[in-house]
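What follows is a single structure, written as C-alpha cells, with notes after it.
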Amino acid sequence: MIDMLILAEKASAAKHMAKAFGGTTGNVGGKTYKIVHAHGHLMEFKEPEKMVATEADKQRYSSWTDMQTMPWNQADFSWAKTYTKAYNAYTKKSKSTRADVAAIKAEAANAQAILIATDNDPSGEGDLLGWEIVNAIKWQKPVYRIRFADETPKSLNKAMQQMVEITDQFKQGEYLKSDARSKWDFLSMQLTRISTYAARQAGYRVKVINQGRLKSVIVLKIWQQQQLIDNYVKTPYFEAKFKDPAGHIFARKLKDDARKQAARFADETSGQADVAQYTKSPVTNIKREHKTQAPGALLDLAKLGSLLAQQGFNSKEVLATYQKMYEAEIVSYPRTEDRKITQEQYNELLPVVDTIATVVGVDPQLLTHRVLRSKHRASSAAHGANRPGIKVPKSMAELAKYGPSAQAIYKTLAANYLAILGEDYEFDRITAELQLYPDFKTGFNVPVKLNYRAIFDDTEQVATEVKSPSAVVGPDAAPFMYQGANPKPTRPSADWIGKFLEKHNIGTGATRLSVQAQLISGKNAFINEKRGFYTLTQPGTIAAVLVRNTWIGSPSITKQLFDHMDAVGKLNEAPAVVIDSATKVIAHDLPLILNNSQELAQFVGKQSAARTTKKYRPKPKAQGQYQDGPTVEFNSTWSGHKFSAEEIRSLLQGDVISFNATSKYGKTYTATGSLKQQTFKGKKFWGFKADFGK
DNA sequence: GCAAGGTC
C-alpha cells in the first residue's frame with residue numbers, strides 16, 4: 001500500500017514529475033507514491049436524452065425539431081458522465097477512455113489517497129478533469145491537490161510542499177466553477193439544433209449549423225467584416241503635403257474628423273487650389289534622438305500558425321507537425337496560452353541556446369543578453385511560451401521526417417526565442433518640421449544596430465521605418481498634392497480572429513486554434529482558408545446570418561459567463577445561477593434565430609449572386625517585341641510595382657531586372673527576375689517571373 | 001448530427 005497515487009493530466013507531465021521526485025514510484029516529502037496520468041478529460045456528459053429519466057423526456061430531448069422543448073429544463077438532467085470517445089484527427093481513430101479509467105482504478109486500489117496534480121490554471125479545468133476520474137472510479141478516501149507554476153523539478157517540488165486536502169469536492173471553488181462552465185457550454189448545444197432547424201425551415205438543405213460561444217462569435221465576426229468589405233466604397237481625397245529632396249514627407253497630424261475635413265478635398269481641383277497656397281519652406285527644428293527597443297513577445301501557437309500561414313502552411317498541418325515534434329521533445333508544449341516564460345524555464349534552456357543557434361544558422365555571437373528581461377518573464381507559466389525544447393536536432397535536415405512544415409516551425413520558433421538573448425535594437429528617431437508651416441512635420445527611424453532584429457525581425461509593418469533612408473533632412477521642402485483614400489477594411493485572417501478572441505478573452509490557447517481548425521475542415525466547413533485569410537462558405541454564411549443580434553454571437557456572453565464563474569469560484573454565488581444564465585440565453589436567442597432565418601434568402605442568395613456577376617477588371621498592360629521575335633503583351637505592374645519605361649525595355653530585351661516590390665502582407669522586398677512565357681490553368685501568357693530561388 | 005474544455 002502506498003501513501004498516495006499522483007494523478008497527472010498527461011504523459012509529459014507525469015514524466016516531468018518522475019524526474020522531479022526521483023522515479024515513477026518512490027518517496028517524496030516522507031510519503032510513498034506512484035505516478036499515473038490521464039490524457040485530458042477522460043469523462044464527458046452523456047447525450048442529453050441519456051441524462052433524463054422518463055420515456056417522454058427521452059423522446060423530447062432527442063428531438064432536433066421540437067422547438068417547444070427548448071429551452072431545456074436543467075432540473076431534468078442527471079448530469080451523468082461517460083467515457084470520452086475521443087476521435088484523433090491524426091491517427092484517424094476513435095478510442096474510448098474506459099481502459100484508461102480502469103487502469104487508474106486498479107492502481108488506486110493500492111493507495112491511501114489520490115493527489116490531483118495539475119498546473120495552477122485559474123479556470124479550474126485541472127480540478128474538473130481530476131474529479132471526473134476520482135468520481136468515475138467511485139473513490140471514497142482522501143483527495144489532495146497540488147498546483148504548480150511550471151513543470152521544472154524546482155517548481156514541482158515547491159508545489160509538493162504546499163499540498164492541501166480537498167476531499168469535499170462541493171466546497172472546492174475551482175471544481176464548482178469549471179463544472180458550471182461545462183454545463184453552460186453543454187446547454188448551448190441547443191442553439192445548434194435551433195439553427196439547423198431554422199435553416200431547413202427556410203429551405204436550405206444543410207447538414208448541421210453549429211453554434212456556440214466560440215463558433216458563433218468567430219463566424220459572425222467574419223461575416224460582419226465581409227459586409228464591411230463588400231460595402232466599402234473607395235473615396236479618394238486630396239491633401240497638401242511637402243517633400244524634401246531626399247523624399248521625406250512632411251504632413252499634418254489630422255487626429256480628429258474636423259481636422260481631416262478641413263485639410264482634405266474630395267476633388268482634385270480644390271486640392272490643387274489648396275496646394276497652391278503654399279510655397280517651398282526651409283526645414284527647421286531637426287532633432288535626432290537615439291532610441292532602443294527590446295525584443296517583442298514570444299510566440300504562442302496561434303501566432304506561430306499565422307506566421308507560417310504566410311509561408312503557405314495551413315493551420316492543420318502546422319498543428320499536426322508541431323504535435324509530433326513535441327512528442328519528440330524538440331519543441332515545447334503546443335497548447336499553451338503563455339507568451340512568457342518563468343525564470344526556471346529560461347535557466348533550463350540556457351545551456352543549449354548556442355547549439356540551437358548553430359543548427360538554425362543564427363550567429364551565436366549575437367546571443368550576448370544572458371539575463372531574462374522582465375517583459376518576457378512570468379512568475380507562473382504552466383508550460384511557457386512556445387519555444388525550442390531541450391533536445392536539439394543535429395541538423396535542420398533531420399526535422400523533415402516530422403512533416404512539411406517542420407523546418408519552418410523550428411526555424412521560426414528558434415529565431416523568435418533566440419532574439420530574447422540578443423541586445424536591444426538601436427535606432428535614431430529623426431524629426432523635423434517646416435519653418436513656414438510648423439504644423440507640417442516629418443518623423444522616421446534610421447537603424448543604427450540591428451542586434452536582436454538580426455536574429456528575428458518582428459516588425460509587422462514598415463511604418464515609418466526606412467530600410468536605407470537618407471538621414472539628411474531638408475534643407476527645404478516643396479508642397480505637392482498627396483492622393484489618399486479611406487482605408488479598406490482588413491481582410492479576415494487567422495491572425496485577425498486570434499487577436500479578436502484574445503481581446504475578448506474567448507476560448508483558451510488550445511480551443512481558439514482547434515475551433516478554427518474545425519470550422520475550416522471537413523465537408524461541412526464554415527470557413528475557407530487560403531494562406532491564413534478567411535472567407536465564409538455557404539453553411540458558414542447561414543450560421544452567421546442566423547446569429548445576428550443574438551447573445552450567443554456576442555463576445556460579451558463569454559465575459560458574463562466568466563464573471564459568474566469567478567463568483568462561483570469564490571463561493572459567493574450558487575452554481576445554479578450560472579446554469580440558469582445559459583437557459584436565459586437560449587430563451588432569448590431562440591425566437592431571434594427563427595426570425596433571422598427569414599433573412600437568409602436575402603444574404604445567402606445575394607452574396608452568391610454577387611460573386612458570380614463580379615466584373616472582371618482588366619489589368620494595365622505593357623507591350624512590345626520580345627528579343628526581335630514575337631510581339632507580346634504583359635501586365636505592367638507586378639507585386640505592387642509599376643514597371644518604368646526603361647524596365648519594360650529591359651524586360652523586352654530578355655534582361656534580368658531588380659526592383660522594390662510589396663508583398664500582399666505589406667512587406668517590401670527586392671524582386672529579381674525576367675519576362676517569361678508561363679502557363680496558368682493551361683493557358684499560356686507572358687509576364688514577369690520572379691526568381692525566388694529554391 | 002449538437003459545446004467547450006482537455007488530450008494525442
Side-chain angles (χ1 to χ4, degrees), chain A residues 8-14 37-51 61-65 70 72 81 83-95 97 100 118-119 121 123-133 177-197 199-200 206-218 319-328 333-337 382-383 501 506-516 518-519 522-524 539 543 552 557-558 561-562 565 582 585-586:
Chain A
E9 177 169 341
K10 52 179 174 281
S12 60
H37 68 85
H39 41 264
H41 285 284
L42 298 187
M43 307 297 291
E44 64 189 3
F45 290 126
K46 290 183 174 177
E47 301 289 300
E49 61 273 21
K50 289 180 180 162
M51 289 201 295
Y61 283 100
S62 56
S63 169
W64 282 61
T65 50
M70 289 181 260
W72 291 338
K81 294 203 174 182
Y83 304 102
T84 303
K85 285 176 290 299
Y87 175 74
N88 186 324
Y90 309 126
T91 62
K92 293 189 174 157
K93 279 179 192 161
S94 219
K95 190 175 160 283
T97 54
D100 303 284
T118 73
D119 65 73
D121 171 7
S123 76
E125 212 59 45
D127 299 80
L128 177 59
L129 192 150
W131 276 111
E132 282 167 349
I133 297 164
K177 78 191 275 193
S178 55
D179 181 58
R181 196 277 310 147
S182 69
K183 288 172 179 164
W184 197 105
D185 284 328
F186 184 86
L187 290 171
S188 73
M189 74 164 58
Q190 292 172 79
L191 295 160
T192 294
R193 293 189 180 184
I194 296 166
S195 294
T196 306
Y197 172 78
R200 288 182 186 173
V206 297
K207 196 166 175 256
V208 178
I209 301 298
N210 308 67
Q211 305 287 5
R213 267 192 308 121
L214 275 80
K215 293 186 169 99
S216 305
V217 167
I218 292 170
L319 280 174
T321 301
Y322 194 107
Q323 175 71 21
K324 285 181 200 147
M325 291 166 76
Y326 157 64
E327 285 163 21
Y333 180 76
R335 294 167 288 273
T336 183
E337 263 184 287
H383 303 99
L501 295 175
I506 301 172
T508 65
T511 53
R512 274 173 208 151
L513 229 71
S514 74
V515 169
Q516 286 185 66
Q518 277 175 39
L519 292 171
K523 281 182 186 162
N524 195 36
I552 197 66
I557 207 72
T558 287
L561 170 63
F562 285 10
M565 278 169 56
V585 172
I586 312 298

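All chains are named by letter (A, B, ...) in the order of the sequence lines, taking the proteins before the strands, and each is independently numbered beginning at 1.
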Reading nucleotides 1-7 of chain B from the 5' end, what letters show protein touch, with B for base, S for backbone sugar-phosphate only, - for no heavy atom under 4.0 Å?
BBBBBBB
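- Every residue meeting the side-chain hydrogen bond (donor to acceptor under 3.5 Å, both in side chains) condition with A:T336, not counting sequence neighbours, appears here in chain and number order: A:D338.
- Partners of A:K215 by salt bridge (Lys or Arg N to Asp or Glu O under 4.0 Å), not counting sequence neighbours: none found.
- Partners of A:E49 according to the side-chain hydrogen bond (donor to acceptor under 3.5 Å, both in side chains) rule, which considers only residues two or more places apart in sequence or in another chain, do not exist here.
- The side-chain hydrogen bond (donor to acceptor under 3.5 Å, both in side chains) test applied to A:S178 returns no partner, not counting sequence neighbours.
- With sequence neighbours excluded, the residues that form a side-chain hydrogen bond (donor to acceptor under 3.5 Å, both in side chains) with A:S12 are A:Y326.
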